[in-house]
**Student:** 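Here you go, one structure.
Please read all numbers here as calculations on a predicted model, not as lab measurements. One-based numbering along the sequence shown. Counting starts at 1 for both ligands and their atoms, in listed order.
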Amino acid sequence: MEVDVADGRLVAARPDSSGISPYGAYLCPKGLAAIDFHNGAENRLLASLARQADGTLAPIATDTAINQIAERLKAIVERHGPRAVAFYHGTGAYRSVLGGLMERAFQGALGTPNFFSSMTIDQSAKWVTMARMGVMASGRHVMRDADLVLLAGGNPLVSHQGAPFALAEPGAPARGFAAVKAAGGRVLLVDPRRSETARFADLLIQPLPGHDAEIFAAIAHILLRDGTYDAEFAERHCVQLDELRAALAPFTPEVAAARADVPVEQIETAARWLGEARRPIVGSGTGPSMALHSNLADHCIEVVNVLAGGYRRVGDTVRNPGTLRRKPAFEMAVSPTRSFEQEPFCVSAATGQLMGEMPTALLPREIMADSPDRIRALIVFGGDPLMAVGDPRLATPAFEQLDLLVSLDSRLNATGRHADYVIAASQPFERHDISVPGDALYPTPFVQYATPLVAKPAEVVDDWAFFWQLASGMGIALTFKFWNYGLRWADIEEGLPLALDTPPDPEDLCRFLANASSVPFDVIKAHPGGVVPEPALAVIQPAPDGWQGRLELCPPDVAGELTSLITEAPETQWPFRLTCRRILHAVNGAFRHSREATRRHPVNSAFCNPEDLAELGIDDGDLVEISSPHGSIRTLAKGEDRLRRGVVSMTHMFGPLISSDDVRADGGANVGQLVSLSETIEAINYMPRLSGIPVCLRKAG
Ligand SMILES: Nc1nc2c(c(=O)[nH]1)N[C@H]1C(S)=C(S)[C@@H](COP(=O)(O)OP(=O)(O)OC[C@H]3O[C@@H](n4cnc5c(=O)[nH]c(N)nc54)[C@H](O)[C@@H]3O)O[C@H]1N2
Ligand SMILES: Nc1nc2c(c(=O)[nH]1)N[C@H]1C(S)=C(S)[C@@H](COP(=O)(O)OP(=O)(O)OC[C@H]3O[C@@H](n4cnc5c(=O)[nH]c(N)nc54)[C@H](O)[C@@H]3O)O[C@H]1N2
Ligand SMILES: [Mo]
């Protein structure tokens with residue numbers, strides 16, 4: 001984006017008009033809200049806070065606070081070992097490249113396996129599928145090459161969520177959909193809500209939430225029944241096709257349609273179109289990953305992508321092979337790791353890591369466990385786990401049992417209010433950063449190194465500097481590395497050793513990250529608006545000779561889950577299902593109190609089909625009570641004909657952890673109060689049910 005600066009302050013922002021941006025001239029509303037936030041809106045934290053003897057939080061010099069935390073951590077590690085220390089990496093941390101890498105460096109040097117993040121209460125079903133099925137190293141097609149897009153439970157036009165999770169093009173999401181349509185391709189959505197993205201849909205299936213496993217099992221069933229699947233791909237890269245066929249036999253389109261309450265023709269049509277497509281992509285957003293049977297649903301969604309042959313093949317063009325690190329791509333299957341079956345295990349459950357992380361829903365239990373290895377200190381980096389994980393009546397007392405809770409954030413959020421220290425963090429336009437996360441994800445190659453546009457407030461610290469200073473205070477020397485998902489920190493040989501007593505220069509850190517870049521760092525540095533590299537043709541390469549990797553389509557645990565699903569009685573006692581949704585003007589908790597977000601959403605209303613409301617005698621704006629087997633909240637009702645019947649749709653991260661009796665004064669209601677961290681939890685990743693929660697709805701009072 002282009003930003004105007006006057007007298008050391010940010011004054012205005014516009015989309016980048018230079019033509020360099022891989023997204024074109026585009027700016028999302030959160031970009032605008034970021035300007036206000038940098039300037040102190042939303043009670044931005046300008047000083048760090050420490051808990052006092054009387055229990056209140058009071059300002060403290062940031063330097064002093066970090067030194068005190070270092071001393072306390074050192075004592076905890078000396079007494080209980082490194083496992084006593086845990087990290088929680090929230091969505092704010094993903095905005096901070098140097099911060100995230102310094103956090104990993106610190107975790108690596110400490111040697112604790114206790115790394116948690118928002119990913120395991122988000123779409124870790126995708127990690128479970130990778131661990132159980134394996135991964136196609138060539139990757140999916142990208143939208144601009146696809147002739148069919150089938151997306152379940154994602155709304156990229158609002159969320160901007162794209163690859164590698166959902167399949168949309170990140171950045172300016174409508175462009176990818178428009179490109180598919182312009183090339184004559186088809187867009188299919190599966191969502192109980194006619195979402196904003198649905199304006200591109202050729203077919204919208206509106207199921208009861210929580211039935212994606214059946215729907216996609218039935219689509220796979222049809223592809224196998226009709227022989228319209230990509231047999232050549234399956235033969236070359238997959239095993240367990242016979243097991244899959246047997247396990248899917250009961251999942252006829254009629255069975256799935258009845259359970260999900262959709263017309264059977266829609267399932268047949270989706271399967272027929274998939275059979276016809278030459279370059280399809282099938283994937284999902286958060287919806288199926290948060291509902292009942294999320295791991296199985298995700299597995300079935302990926303199976304449909306496999307059967308449709310939805311991956312790049314030898315000779316296919318790679319539009320963005322990466323600039324800082326050019327990644328060669330091969331048409332080869334990487335066999336599943338089943339990493340969750342290997343040490344290190346959690347102390348409260350026999351489950352191991354996914355992508356080097358422990359399941360966040362187990363964090364409260366890992367703190368409360370009666371074990372010498374329980375967690376005693378937690379550093380929360382850019383997150384609000386108490387709000388995010390749900391079940392605050394279970395999670396909050398657990399967090400209170402910690403010897404040390406630190407929140408590194410730019411706001412005092414719900415978790416921060418329970419912390420021993422809250423460290424005031426800088427914001428993106430105040431710090432150095434380089435485009436590592438976007439590197440191979442931008443739709444076309446692009447690289448950028450950004451230096452601070454404005455000075456940060458005096459008592460505010462860069463995220464990376466916090467971690468470096470902590471390590472330094474503990475006498476731990478760090479090695480800075482180029483890490484990315486899928487790599488094990490300890491296995492990365494190349495690193496930049498950092499001095500113990502002199503903080504690194506952030507420019508040197510970025511220069512190191514660019515040491516294998518196809519555009520030299522000095523060239524990147526000379527172009528603050530970013531660089532579009534010289535085009536270099538990249539195509540998918542064949543697998544090395546004798547490559548043995550295979551995708552496992554139906555391992556025994558998946559087969560077992562399919563069998564138990566087909567015999568499971570549908571939940572009929574609860575008339576409604578509460579689903580997730582997002583607002584355009586906030587990212588979870590961040591920017592939730594921005595001008596636009598507050599104006600448009602004074603509370604998180606309960607959206608419902610108007611006919612459902614009429615039947616219950618509820619008018620728009622009435623106070624309603626929503627009860628799950630686990631808890632109950634009150635908010636205002638709002639009719640929305642985009643929703644199918646039987647659904648209540650609400651945004652998370654509103655209101656205090658536990659509601660008072662006045663939803664307007666609370667600024668909304670925390671839907672996490674309806675969530676259980678002990679019942680209907682997935683195996684493996686311990687994902688709680690954050691969507692499709694069975695609820696009752698009634699007029700309050
Ligand atoms: N503006 C904005 N952008 C954001 C965020 C934000 O809060 N605001 N958050 C960011 C984060 S952390 C994430 S993870 C991404 C999420 O990105 P998305 O996954 O695109 O998020 P949603 O917009 O919630 O879309 C989820 C959709 O799933 C549907 N759904 C709910 N339950 C089910 C179900 O059981 N089955 C099916 N098929 N559909 C279901 C909902 O109706 C909804 O339309 O967005 C990111 N971007
Ligand atoms: N019921 C229900 N629960 C859900 C969901 C749902 O749909 N329904 N969605 C789930 C999902 S997908 C997610 S990802 C989680 C989100 O869970 P979290 O990531 O734990 O929550 P956020 O509110 O996104 O926390 C981000 C924090 O980062 C801070 N921040 C912003 N910029 C910076 C920065 O530069 N540095 C630092 N240090 N901090 C910064 C913000 O102030 C904010 O407090 O919630 C999950 N919980
Ligand atoms: Mo998320």
**Student:** Closer than 4.0 angstrom, basic N to acidic O: yes or no for R431 and D463?
**Tutor:**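 Looking at R431 and D463, the cut-off is met.
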**Student:** To which protein heavy atom is atom 31 (C) of ligand 2 closest, and what is the distance rounded to 0.1 Å?
**Tutor:**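 Here the nearest protein heavy atom works out to R95 NH1, 3.6 Å.
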**Student:** Write out the residue and atom name of the closest protein heavy atom to atom 30 (N) of ligand 1, then the distance separating them to 0.1 Å.
**Tutor:**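 Scanning the protein heavy atoms, the shortest distance from atom 30 (N) of ligand 1 goes to G287 CA, 3.6 Å.
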**Student:** My understanding is that we take every heavy atom of each candidate and find the minimum distance to atom 5 (C) of ligand 1. Doing that for K30, R582, H652, which one comes out nearest?
**Tutor:**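 Shortest heavy-atom distance from atom 5 (C) of ligand 1: R582.
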**Student:** Below a 4.0 angstrom heavy-atom separation, can you tell me which part of N588, side chain or backbone, both or neither, approaches ligand 1?
**Tutor:**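 Answer for N588: both.
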**Student:** Under 3.5 Å between any N/O of H160 and any N/O of ligand 1: does that happen in this structure?
**Tutor:**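 Between H160 and ligand 1 (N or O atoms, distance only) the closest approach is not under 3.5 Å.
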**Student:** Residue-level breakdown please: for N413 versus ligand 2, do any non-hydrogen atoms fall below 4.0 Å on the side chain, on the backbone, on both, or on neither?
**Tutor:**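 Contact part for N413 vs ligand 2: side chain (C-beta onward).
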**Student:** Which atoms of ligand 1 sit under 4.0 Å from any heavy atom of L584?
**Tutor:**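 That gives atoms 1 (N) of ligand 1.
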**Student:** Among R577, R645, R644, which one satisfies salt bridge (charged side-chain N to carboxylate O under 4.0 Å, His left out) with D261?
**Tutor:**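 Of all the options given, the one that passes is R644.
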**Student:** Where the closest heavy atom to atom 44 (O) of ligand 1 is concerned, which of I215, D191, V190 has it?
**Tutor:**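 Shortest heavy-atom distance from atom 44 (O) of ligand 1: D191.
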**Student:** Give the atoms of ligand 2, by number and element, whose distance to some non-hydrogen atom of D384 is under 4.0 Å.
**Tutor:**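 Answer for ligand 2: 18 (P), 20 (O), 21 (O), 25 (O).
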**Student:** For H38 and F429, run ring pair (Phe, Tyr, Trp, His ring centres under 6.0 Å): C-alpha distance rounded to whole Å, both residues' side-chain angles, the deciding distance at 0.1 Å, then the answer.
**Tutor:** CA-CA 8 Å; H38 275 74; F429 295 120; 5.0 Å; yes
**Student:** Under 4.0 Å from ligand 1, counting heavy atoms only, is it the side chain of S691, its backbone, both or neither?
**Tutor:**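 Side chain only.
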**Student:** Can a non-hydrogen atom of M290 be found less than 4.0 Å from any atom of ligand 2?
**Tutor:**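 True for this residue.
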**Student:** Which atoms of ligand 1 have any heavy atom of A291 under 4.0 Å away?
**Tutor:**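 Under 4.0 Å from A291, ligand 1 has these atoms: 35 (O).
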**Student:** Any idea which protein heavy atom is nearest atom 39 (N) of ligand 2, and the distance to it?
**Tutor:**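 Nearest protein contact, heavy atoms only, for atom 39 (N) of ligand 2 is G382 CA, 3.4 Å.
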**Student:** Under a 4.0 angstrom heavy-atom cut-off, which atoms of ligand 1 come close to R193?
**Tutor:**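 Within the 4.0 Å cut-off of R193, ligand 1 contributes 42 (O).
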**Student:** Among all protein heavy atoms, pick the one closest to atom 46 (C) of ligand 1 and tell me residue, atom and distance.
**Tutor:**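 Checked against all protein heavy atoms, atom 46 (C) of ligand 1 sits closest to S159 O, 3.6 Å.
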**Student:** At under 4.0 Å between heavy atoms, is it the side chain or the backbone of A93 that contacts ligand 2, or both, or neither?
**Tutor:**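 Within the 4.0 Å criterion, A93 makes no contact with ligand 2.
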**Student:** Among all protein non-hydrogen atoms, which one is nearest to atom 25 (O) of ligand 2, and what is the separation to 0.1 Å?
**Tutor:**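 Result for atom 25 (O) of ligand 2: G383 CA, 3.4 Å.
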**Student:** Tell me which part of T651 gets within contact of ligand 1: side chain, backbone, both or neither, using heavy atoms under 4.0 Å.
**Tutor:**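 None of T651 does.
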**Student:** What are the atoms of ligand 1, with element, lying closer than 4.0 Å to any heavy atom of C580?
**Tutor:**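 Answer, ordered by atom number: 31 (C), 41 (C), 42 (O), 43 (C).
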**Student:** Within the 4.0 Å heavy-atom shell around G90, which atoms of ligand 2 are there?
**Tutor:**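 Within the 4.0 Å cut-off of G90, ligand 2 contributes 19 (O).
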**Student:** Does atom CG of N43 have more than 12 heavy-atom neighbours from other groups under 6.0 Å away?
**Tutor:**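 Atom CG in N43 is not packed in, count stays at 12 or less.
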**Student:** Between G210 and ligand 1, does any nitrogen or oxygen pair lie at a separation below 3.5 Å?
**Tutor:**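 So ligand 1 has an N or O lying under 3.5 Å from an N or O of G210.
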**Student:** What's the shortest distance from atom 36 (N) of ligand 2 to any protein heavy atom, and which residue and atom give it?
**Tutor:**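 Here the closest protein heavy atom is D463 OD2, 3.1 Å.
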**Student:** So among P688, S676, P694, which one has a side chain to side chain contact (heavy atoms under 4.5 Å, CB included) with H630?
**Tutor:**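 For H630, the side chain to side chain contact (heavy atoms under 4.5 Å, CB included) test succeeds with only one of P688, S676, P694, which is S676.
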**Student:** Run the side chain to side chain contact (heavy atoms under 4.5 Å, CB included) test on H652 and C580 for me, step by step, so that the C-alpha distance in whole Å, both residues' side-chain angles and the decisive distance to 0.1 Å come before the verdict.
**Tutor:** CA-CA 7 Å; H652 59 298; C580 57; 5.6 Å; no
**Student:** Can D298 and Q123 be counted as having a side-chain donor-acceptor contact under 3.5 angstrom?
**Tutor:**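 No, Q123 and D298 have no side-chain donor paired with an acceptor closer than 3.5 Å.
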**Student:** Does any part of the side chain of Q673, heavy atoms only, come nearer than 4.5 Å to the side chain of S659, both counted from C-beta?
**Tutor:**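 The answer is yes, as the side chains (C-beta and beyond) meet within the 4.5 Å cut-off.
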**Student:** Considering the heavy atoms of V158, write down every atom of ligand 1 situated less than 4.0 Å from one of them.
**Tutor:**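 Ligand 1 atoms under the 4.0 Å threshold to V158: 1 (N), 2 (C), 3 (N).
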**Student:** Out of all atoms in ligand 2, which are within 4.0 Å of some heavy atom of M653? Include the element for each.
**Tutor:**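 Answer for ligand 2: 16 (C), 17 (O), 21 (O), 23 (O), 45 (O).
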**Student:** Consider ligand 1: state whether an atom of it lies below 4.0 angstrom from any non-hydrogen atom of Q123.
**Tutor:**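 The answer is yes, since Q123 has a heavy atom less than 4.0 Å from ligand 1.
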**Student:** Does ligand 2 have an atom under 4.0 Å from some heavy atom of G416?
**Tutor:**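 No, G416 has no heavy atoms under 4.0 Å from ligand 2.
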**Student:** Got a salt bridge between R140 and E302, using NZ or NE/NH1/NH2 to carboxylate O under 4.0 Å?
**Tutor:**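 A salt bridge is present here (some side-chain N lies under 4.0 Å from a carboxylate O).
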**Student:** Specify side chain, backbone, both or neither for A388, according to which of its non-hydrogen atoms lie closer than 4.0 Å to ligand 2.
**Tutor:**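 The answer is both, backbone and side chain.
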**Student:** Looking only at protein heavy atoms, identify the closest one to atom 1 (N) of ligand 2 and say how far it is in Å.
**Tutor:**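 Answer for atom 1 (N) of ligand 2: V671 CG2, 3.2 Å.
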**Student:** Within ligand 1, which atoms have a heavy atom of D122 less than 4.0 Å away?
**Tutor:**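 So the atoms of ligand 1 that pass are 14 (S).
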**Student:** Does an N or O anywhere in P428 fall below 3.5 Å from an N or O of ligand 2?
**Tutor:**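 It does not: no N or O of P428 is found under 3.5 Å from an N or O of ligand 2.
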**Student:** Tell me, with the steps shown, if C608 and L697 meet side chain to side chain contact (heavy atoms under 4.5 Å, CB included).
**Tutor:** CA-CA 10 Å; C608 253; L697 171 72; 3.6 Å; yes
**Student:** Report, in ascending order of atom number, the atoms of ligand 1 lying under 4.0 Å from any heavy atom of A586.
**Tutor:**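 Listed by number with element: 1 (N), 2 (C), 6 (C), 7 (O), 8 (N).
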**Student:** Any heavy atom of G390 closer to ligand 2 than 4.0 angstrom?
**Tutor:**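 False for this residue.
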**Student:** For atom 22 (P) of ligand 2, what's the nearest protein heavy-atom neighbour? Residue, atom name and distance, please.
**Tutor:**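 Closest protein heavy atom to atom 22 (P) of ligand 2: T91 OG1, 3.6 Å.
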**Student:** Give the residue and atom name of whichever protein heavy atom lies nearest to atom 18 (P) of ligand 2, and the separation in Å to one decimal.
**Tutor:**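 Result for atom 18 (P) of ligand 2: Y88 OH, 3.5 Å.
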**Student:** Identify the closest protein heavy atom to atom 26 (C) of ligand 1: which residue and atom is it, and at what distance?
**Tutor:**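 Of every protein heavy atom, G153 O, 3.4 Å lies nearest to atom 26 (C) of ligand 1.
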**Student:** With a cutoff of 4.0 Å, is R581 in contact with ligand 1, counting heavy atoms of the residue only?
**Tutor:**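 Per 4.0 Å heavy-atom rule, R581 contacts ligand 1.
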**Student:** Could you tell me whether some N/O pair between G672 and ligand 2 is separated by less than 3.5 angstrom?
**Tutor:**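 Between G672 and ligand 2, no N or O pair is found under 3.5 Å apart.
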**Student:** Identify the closest protein heavy atom to atom 34 (C) of ligand 1: which residue and atom is it, and at what distance?
**Tutor:**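 Sorting protein heavy atoms by distance from atom 34 (C) of ligand 1 puts D212 OD2, 3.5 Å first.
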**Student:** What protein heavy atom sits nearest atom 23 (O) of ligand 1, and how far off is it?
**Tutor:**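 Going by distance alone, atom 23 (O) of ligand 1 is nearest to N155 CB, 3.4 Å.
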**Student:** Is the shortest distance from a heavy atom of H89 to ligand 2 less than 4.0 Å?
**Tutor:**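 Heavy atoms of H89 never come under 4.0 Å of ligand 2.
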**Student:** Can you confirm whether the side chains of E568 and H293 place a donor and an acceptor under 3.5 Å from each other?
**Tutor:**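 Side chains of E568 and H293: pair found under 3.5 Å.
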**Student:** Among protein heavy atoms, which sits nearest to atom 35 (O) of ligand 2, and what does the distance come to when rounded to 0.1 Å?
**Tutor:**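 Nearest neighbour among protein heavy atoms for atom 35 (O) of ligand 2, to 0.1 Å: R431 NH2, 2.9 Å.
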**Student:** Can R104 be said to sit on top of F115's aromatic six-ring, NZ or CZ under 6.0 Å from centre and within 45° of the ring axis?
**Tutor:**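 Here R104 passes the 6.0 Å and 45° test against F115.
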**Student:** How close do L405 and T415 get, counting heavy atoms only, and between which atoms?
**Tutor:**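 Scanning both residues completely, I find the closest heavy atoms to be CD2-O, 4.1 Å.
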**Student:** Should one rank D409, V675, T579, D433 by closest heavy-atom distance to atom 29 (C) of ligand 2, which comes out on top?
**Tutor:**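 Considering heavy atoms of D409, V675, T579, D433, the nearest to atom 29 (C) of ligand 2 sits in D409.
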**Student:** Would you check whether P192 reaches within less than 4.0 Å of ligand 1, judged by its heavy atoms?
**Tutor:**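 True for this residue.
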**Student:** Please could you name the atoms of ligand 2 that Q427 approaches to less than 4.0 Å, counting only its heavy atoms?
**Tutor:**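 Atoms satisfying the 4.0 Å criterion: 32 (N), 33 (C), 34 (C), 35 (O).
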**Student:** For ligand 2, indicate whether the residue R592 contacts it via side chain, backbone, both or neither (heavy-atom separation under 4.0 Å).
**Tutor:**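 None of R592 does.
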**Student:** Looking at I583, which atoms of ligand 1 are within less than 4.0 Å of one of its heavy atoms?
**Tutor:**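 That gives atoms 1 (N), 2 (C), 8 (N) of ligand 1.
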